[in-house]
Asker: 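Take this structure, written in structure tokens, and hold onto it; I'll ask about it next.
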Amino acid sequence: MEAQTSAAVKTRPKKRRRHSLFRSEMRWGYLFITPPFIGVAVFLLYPLLNSLYMSMTNFNFGQPAEFIGFDNYRRALTDDPLVWKTLWNTFYAALGVPLGMIAALFAALLLDRKLRGRHFFRMLFFLPTICSVVALAMVWRWIFNADFGLLNYYLGVIGIDAPAWLIDQTWAMPAMIIQGVWGGLGVSIILYLAALGNVPTSLYEAATVDGANGWQKFIHITVPGISPVTFFILITSLIGALQDFPRFQLLTGGGPNYSTTTIVYYLYTVAFQYSEMGYASALAWILGIIIMLIIVINFVFSKRWVHYN
């Protein structure tokens, strides 16, 4: 009995030390995770909740906010035709996403081959990604110039009557799509090259033995093998395209006649030119809900075509 008592007394200090050590580790753990939580609260949660409140107010710079409920949302969806026009323009511009993905995959397939100079071309395609948006916009304004632009010059050489790209209401958005596809190739090509390198070569060898041709290998091996990366590029590209703003501000200023005014550009105009911060916040929440719905739909349907190893 005395031996059992002495053994229990000896184990108590060990348990206390372990408990004390555990509490010390917990305190250090909370200390280290506190700064990120503070950052999320200050720079994400508070602005998010504040913008939600502002979207239900009539708030202009220099005036107190007046709570008006869902009037801003009702105005946006029923009384403001520019909202629907700019949403249409936004989705029209987003057509560049599938075009860019196809072009990036085609370029990645070429650059994945053991060709001379492939590293130089990889660098060349990626270069626009690290360049200034303003500098690239100035270059493309010269390329699309109706009088002395590079594109119209070469179109004239082959006998094509070229349009006034950025000042023609019909051709302004196609010009922006062309510029967007070119500017987004770099990152997509790098991701596709990494994905192509992870597809097992044994699958291609087995398909060759079975008599499969190049197209069959591409459809049944390459496309399913890179589908997770394709899904990632699709989601991130759609989010970026639906929030695109700097290119339109620099190249067209939303014109001509609102033909290139996206919803984000219109939101910016409402907020900082008309000083209607409450209405601009409502537009931002409408766009956020649209993006969230598109992402959810993509995740639901991704189960049918995205294949994970």
Side-chain angles (χ1 to χ4, degrees), residues 93-133 135-137 139-140 142-144 149-155 157-158 160 162 165 173-241 244 247 298 302 304-309:
L95 288 176
V97 171
L99 296 177
M101 293 175 64
I102 294 172
L105 178 56
F106 179 74
L109 289 171
L110 293 178
L111 294 173
D112 193 48
R113 298 176 178 272
K114 296 181 180 180
L115 301 175
R116 182 178 298 177
R118 61 174 179 164
H119 296 293
F120 169 76
F121 285 104
R122 288 181 182 182
M123 180 271 296
L124 199 63
F125 277 113
F126 192 74
L127 190 61
T129 307
I130 60 176
C131 291
S132 167
V133 176
L136 294 177
V139 171
W140 278 96
W142 167 64
I143 292 174
F144 285 129
L150 188 66
L151 180 57
N152 282 7
Y153 169 77
Y154 284 109
L155 290 176
V157 168
I158 60 177
I160 298 178
W165 293 95
M173 188 58 80
M176 296 302 300
I177 292 175
I178 292 171
Q179 195 274 336
V181 170
W182 174 86
L185 281 178
V187 174
S188 298
I189 289 175
I190 295 299
L191 292 174
Y192 271 133
L193 284 171
L196 290 170
N198 288 328
V199 178
T201 58
S202 58
L203 297 179
Y204 294 104
E205 294 170 355
T208 302
V209 173
D210 291 338
N213 57 34
W215 177 251
Q216 291 171 331
K217 293 177 185 178
F218 175 75
I219 292 297
H220 297 290
I221 298 177
T222 303
V223 172
I226 65 173
S227 58
V229 171
T230 300
F231 180 61
F232 174 78
I233 295 174
L234 176 64
I235 292 295
T236 54
S237 299
L238 279 175
I239 293 173
D244 201 354
R247 298 188 305 115
N298 274 280
S302 68
R304 300 184 179 183
W305 62 273
V306 179
H307 306 279
Y308 298 97
N309 293 330

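Sequential numbering from 1 along the given sequence is applied to the chain's residues. Both backbone and side-chain heavy atoms feed into the values below; hydrogens, waters and symmetry mates do not.
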Asker: Measuring from atom CE of Met173 to atom CH2 of Trp165, what distance do you get when rounded to the nearest 0.5 angstrom?
Answerer: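 These two atoms lie 14.0 Å from each other.
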Asker: Is any side-chain heavy atom of Tyr192 less than 4.5 Å from a side-chain heavy atom of Ile233?
Answerer: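 Yes, close enough: below the 4.5 Å cut-off.
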Asker: Working to the nearest 0.5 Å, report the span between CG of Leu109 and CD1 of Ile226.
Answerer: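 So the CG of Leu109 and the CD1 of Ile226 are separated by 7.0 Å.
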Asker: Quick one: are Trp305 and Val223 in side-chain contact, heavy atoms under 4.5 Å?
Answerer: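 They are not in side-chain contact.
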Asker: Side chains of Phe231 and Asn298, heavy atoms from C-beta outward: is any pair under 4.5 Å?
Answerer: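 Phe231 vs Asn298: side chains touch.
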Asker: Of all the heavy-atom pairs spanning Gly96 and Val181, show the shortest one and how long it is.
Answerer: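 That would be O-CG2, 3.5 Å.
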Asker: What's the separation between atom CH2 in Trp140 and atom CG in Leu151, rounded to the nearest 0.5 Å?
Answerer: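 With rounding to 0.5 Å, CH2 (Trp140) is 7.5 Å from CG (Leu151).
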Asker: Looking only at heavy atoms, what is the nearest atom pair of Leu111 and Arg122, with distance?
Answerer: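 Result for this residue pair: O-NH2, 3.0 Å.
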Asker: Using atom types as modelled and distance alone, determine if a side-chain donor or acceptor of Asn198 lies under 3.5 Å from a backbone N or O of Ala194.
Answerer: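 Yes; judged by distance alone, with no hydrogens or angles, the pair exists.
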Asker: Distance from Leu234 atom CG to Ser302 atom OG, nearest 0.5 Å?
Answerer: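 Reported to 0.5 Å precision, the distance equals 9.5 Å.
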Asker: Under a 4.5 Å cut-off applied to non-hydrogen side-chain atoms, are Ile158 and Tyr154 in contact?
Answerer: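 A side-chain contact is absent here, since even the closest heavy-atom pair is not under 4.5 Å.
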Asker: Going from CE on Met176 to CG on Leu95, what distance comes out if it is rounded to the nearest 0.5 angstrom?
Answerer: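 Output value for this atom pair is 14.0 Å.
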Asker: Quick one: side chains of residues 200-211, donor-acceptor pairs under 3.5 Å with protein atoms, not counting sequence neighbours, listed by atom name and distance.
Answerer:
| unit_1 | atom_1 | unit_2 | atom_2 | d |
| --- | --- | --- | --- | --- |
| Tyr204 | OH | Thr222 | OG1 | 2.7 |
| Thr208 | OG1 | Tyr204 | O | 2.8 |
| Thr208 | OG1 | Lys217 | NZ | 2.6 |

Asker: I'd like to check Ile189 versus Phe126 (side-chain heavy atoms, cut-off strictly below 4.5 Å). Are they in contact?
Answerer: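 When only atoms from C-beta onward are counted, Phe126 and Ile189 do not touch, as no gap falls below 4.5 Å.
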Asker: When rounded to the nearest 0.5 angstrom, what is the spacing between CD in Gln179 and CZ in Phe144?
Answerer: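 CZ of Phe144 is found 7.0 Å from CD of Gln179.
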Asker: Donor-acceptor pairs under 3.5 Å, side chain of residues 97-105 to any protein atom, not counting sequence neighbours: which ones?
Answerer:
none

Asker: Is the shortest side-chain heavy-atom distance between Leu110 and Phe121 below 4.5 Å?
Answerer: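 Of all side-chain heavy-atom pairs linking Phe121 with Leu110, none is under 4.5 Å.
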